[in-house]
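Just so we're on the same page: letters track the sequence lines, and every chain starts at 1. The analysis underlying the following values was restricted to heavy atoms, covering all of them including side chains, and did not include hydrogens, waters or symmetry mates.
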Amino acid sequence: MSSALLEDLRARGLIFQIAGEDELPAWLDGGTRTLYCGFDPTADSLHIGSLVPLLMLRRFQHAGHKPLALVGGATGLIGDPSFKAQERQLNTPDVVAGWVDKLKKQVSQFIDFDGSETSAEVVNNLDWTANMDVLTFLRDVGKHFSINAMIQKESVKQRIEREGSGISYTEFTYMILQSFDFAELNERYDCTLQIGGSDQWGNITGGIDLTRRLHGKQVFGLTMPLITKADGTKFGKTESGTIWLDANKTSPYAFYQFWLGCADADVYRFLKYFTFLDVAEIEEIERADAERQGRPEAQGVLAREVTSLVHGDEGLAAAERITESLFSGSIDSLAESDLAQLRQDGLPASAMTRDAFPETLTQLLTEAGMAASGKQVKDALGRNAVTINSRPVGWEANADVSGCFDPEAALYGRYYLVKLGKKKYHLFEIG
RNA sequence: GGAGGGGUUCCCGAGUGGCCAAAGGGAUCAGACUGUAAAUCUGACGCGAAAGCUUCGGUGGUUCGAAUCCACCCCCCUCCA
């Protein structure tokens, strides 16, 4: 059953490298195995970059294995230097501890805790490092690492070779800490597989070596490819920033829109990476899209699948509701309750009173976050790209804010839906 | 410690006394086209509604005038020790 898993993963393009490739299929077929993936608290939420490994844990769980989600309360205090161009700023322990709590919850929603043999667990590496003293660490762990080997690792090579950037002793030690995690999880949970992004290869093989040296056990490693985009830009960022998994940082609507806007050249690959749809099913979608000669279905499928995975059915419904009203329906036909709902669903919105109006529209819309500067608003106004409740507003109206928000034009006496460009909406509630 | 080369607007990268808010490219935003695409074309792109204000590693100085010259300082790169 599990070599079938590996086959599926391979068909999805989710396997980059495997350590112990020859033995791993048989090992997985031989029973329920425990695997882990680490997530370091570098912010108060994970972003979609962590989604592939998270879903990977779930894929393994579905295939009958036991996933451990490790939240790096310890490693997060140190900072992973892997392929980072420069030394990172350390965060304070209490900040990191706060992030650990948040990530624990976040990570938990992707795996099942049913108490069965394959029940997931969340662990924190601070539990076994916090009280370890330096001498023990150096004698029992450090002794197994060869500096000669460590500086050969691709992940830190540029930091070591490039003068100027350099690497601190602290970050250099990161690999040892993570390696120790693997060995420790092997002891505690009989964990025999570590998965991670391709940038983690060095850290993972470090853990494999240490586990063998410390416990004489053979363990495995598997890495996933770096998610790339066909146009070469970085995946997971948009003009408005990182796409987070936390609904408070990236609303389900924005999240849904992110996937909906995915390029044709990427979308089928992403369906394989980010959804649980069968590969055959995805290929069928691709075929149908190619024949249709119009707007592809794939983006919609992707957006629905991933949004529902991350934000649940409710989040998806909210996202679809907003999308439907803004892009398909007529704004004027929205019921009062719809407008209230949109706001609750995460459509950017703000409330203000008439006497709080700034002098100009450029100020108002910039402050509302619709544009980065007044110049951009000016440009949009000059091109008739701004509408208020579907009524076009021109540059000449810039200084006439109250005229633009004429009570006569309000929806239900207080709502104004402002649109800038084709995709940016903001709901103003004027009291 | 010695010798040389650098730090320019989000990024890359021109610019060596006025014509510089600073070429060009990328990114980004907006328009046309379209599928809320891609490609392409157009406009914008330090801040400001405007008057105007603030930038070229930092601090002072020379000058009517400095990103450009001078002094000192900070940081980076290459080579030597």
Side-chain angles (χ1 to χ4, degrees), chain A residues 85-87 158-167 228-243 251 253-271 285-286 288-304 307 319-331 342 347-348 357-387 390 392-404 417-426:
Chain A
Q86 33 179 256
E87 187 85 8
Q158 59 160 322
R159 288 280 290 280
I160 288 170
E161 284 172 358
R162 255 191 64 191
E163 260 182 62
S165 52
I167 181 168
T228 56
K229 291 207 295 176
D231 63 6
T233 56
K234 197 166 161 34
F235 171 77
K237 301 263 183 188
T238 65
E239 55 284 357
S240 36
T242 303
I243 306 294
S251 73
Y253 163 68
F255 188 84
Y256 179 89
Q257 286 286 323
F258 169 80
W259 296 104
L260 199 61
C262 181
D264 294 4
D266 295 319
V267 70
Y268 305 102
R269 209 158 36 91
F270 289 180
L271 277 168
I285 295 171
E286 182 166 10
D289 279 345
E291 279 169 17
R292 189 168 322 101
Q293 286 276 329
R295 182 173 192 175
E297 296 267 294
Q299 279 88 347
V301 175
L302 179 66
R304 277 196 298 281
T307 305
E320 288 191 305
R321 206 152 46 221
I322 300 181
T323 299
E324 173 70 19
S325 349
L326 298 184
F327 293 98
S328 317
S330 158
I331 288 162
L342 289 186
L347 182 74
F357 278 150
E359 305 252 321
T360 58
L361 274 178
T362 48
Q363 279 177 49
L364 180 68
L365 303 192
T366 306
E367 281 163 20
M370 294 190 78
S373 74
K375 289 265 168 63
Q376 288 184 5
V377 177
K378 178 180 178 180
D379 182 54
L381 284 168
R383 289 159 173 272
N384 288 317
V386 176
T387 63
S390 307
V393 182
W395 171 239
E396 69 285 346
N398 186 41
D400 183 21
V401 179
S402 45
C404 292
L417 191 59
V418 179
K419 179 184 181 190
L420 192 160
K422 284 176 189 153
K423 303 184 196 174
K424 290 183 199 159
Y425 288 91
H426 194 99

Which nucleotide, if any, forms a Watson-Crick or G-U wobble pair with [N], using both distances under 3.5 Å?
| N | value |
| --- | --- |
| A71(B) | U59(B) |
| A14(B) | none |
| C20(B) | none |
| U28(B) | A44(B) |
| A50(B) | none |

Whole-angstrom distance between [N] and [M], as gauged at atom [atom1]:
| N | M | atom1 | result |
| --- | --- | --- | --- |
| C11(B) | A81(B) | P | 37 Å |
| U9(B) | G26(B) | C1' | 14 Å |
| G18(B) | A27(B) | P | 33 Å |
| C20(B) | A14(B) | C1' | 12 Å |
| A67(B) | G58(B) | P | 12 Å |
| C12(B) | C53(B) | P | 30 Å |
| A22(B) | C47(B) | P | 14 Å |
| A32(B) | A39(B) | C1' | 14 Å |

**Prompt:** Do L417(A) and L347(A) come close enough that some side-chain heavy atom pair is under 4.5 Å?
**Reply:** yes
Which part of the nucleic acid, if any, lies within reach of [X] when heavy atoms closer than 4.0 Å are counted: base, sugar-phosphate only, or nothing?
| X | value |
| --- | --- |
| A385(A) | sugar-phosphate |
| T360(A) | base |
| G374(A) | sugar-phosphate |
| L420(A) | sugar-phosphate |

Give the nucleotide from the list [options] with an atom nearest to the side chain of [X].
| X | options | answer |
| --- | --- | --- |
| T362(A) | C33(B), U36(B), A49(B) | A49(B) |
| L260(A) | U36(B), C29(B), U34(B) | U36(B) |
| S373(A) | A37(B), G48(B), G35(B) | G48(B) |
| Q363(A) | A37(B), A30(B), A49(B) | A49(B) |
| D379(A) | G35(B), U36(B), A30(B) | A30(B) |
| K375(A) | A37(B), C47(B), A30(B) | C47(B) |

Taking OP1 and OP2 of [N], is either one under 4.0 Å from a side-chain nitrogen or oxygen of [X]?
| X | N | result |
| --- | --- | --- |
| K419(A) | A30(B) | no |
| R295(A) | U36(B) | yes |
| K424(A) | A30(B) | yes |
| K378(A) | A50(B) | yes |

**Request:** Give a yes or no on whether a salt bridge exists between D379(A) and K375(A), defined as a side-chain N under 4.0 angstrom from a carboxylate O.
**Result:** no
d([atom1], [X]; [atom2], [N]) in whole Å:
| X | N | atom1 | atom2 | value |
| --- | --- | --- | --- | --- |
| Y268(A) | A37(B) | OH | C1' | 11 Å |
| Q299(A) | A37(B) | CD | P | 11 Å |
| N384(A) | C29(B) | CG | C1' | 17 Å |

**Prompt:** More than 12 non-hydrogen atoms from neighbouring residues, nucleotides or ligands closer than 6.0 Å to CD on E367(A), yes or no?
**Reply:**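 Atom CD in E367(A) is crowded, with more than 12 foreign heavy atoms closer than 6.0 Å.
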**Message:** Can you tell me whether the side chain of D264(A) and the base of G35(B) have a donor-acceptor pair closer than 3.5 Å?
**Reply:**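 Pair found.
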**Prompt:** Can you find a donor-acceptor pair, distance only, under 3.5 Å between Q376(A) side chain and U28(B) base?
**Reply:** no
**Message:** Could you walk me through whether Q257(A) and I322(A) satisfy the side chain to side chain contact (heavy atoms under 4.5 Å, CB included) test, starting with their C-alpha distance in whole Å, then the side-chain angles of each, then the deciding distance to 0.1 Å, before giving a yes or no?
**Reply:** CA-CA 10 Å; Q257(A) 286 286 323; I322(A) 300 181; over 6 Å; no
**Request:** Can you label the angle between the Y425(A) ring and the F327(A) ring as parallel, tilted or perpendicular, going by 30° and 60°?
**Result:** perpendicular
**Message:** So, taking the atom named CH2 in W259(A) and the one named CZ in F270(A), what distance separates them when rounded to the nearest 0.5 Å?
**Reply:**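 Result: 6.5 Å between the selected atoms.
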**Test applied, side chain to side chain contact (heavy atoms under 4.5 Å, CB included); reference residue, M370(A); option that passes from V377(A), V386(A), L365(A)** = L365(A)
**Nearest-nucleotide comparison on RNA chain B, the residue closer to the 5′ end among T366(A) and P296(A)** =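 In this pair, the answer is P296(A).
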**Item:** RNA chain B: 5'-proximal contact among Q257(A) and G421(A) (nearest heavy atom)
**Value:** G421(A)
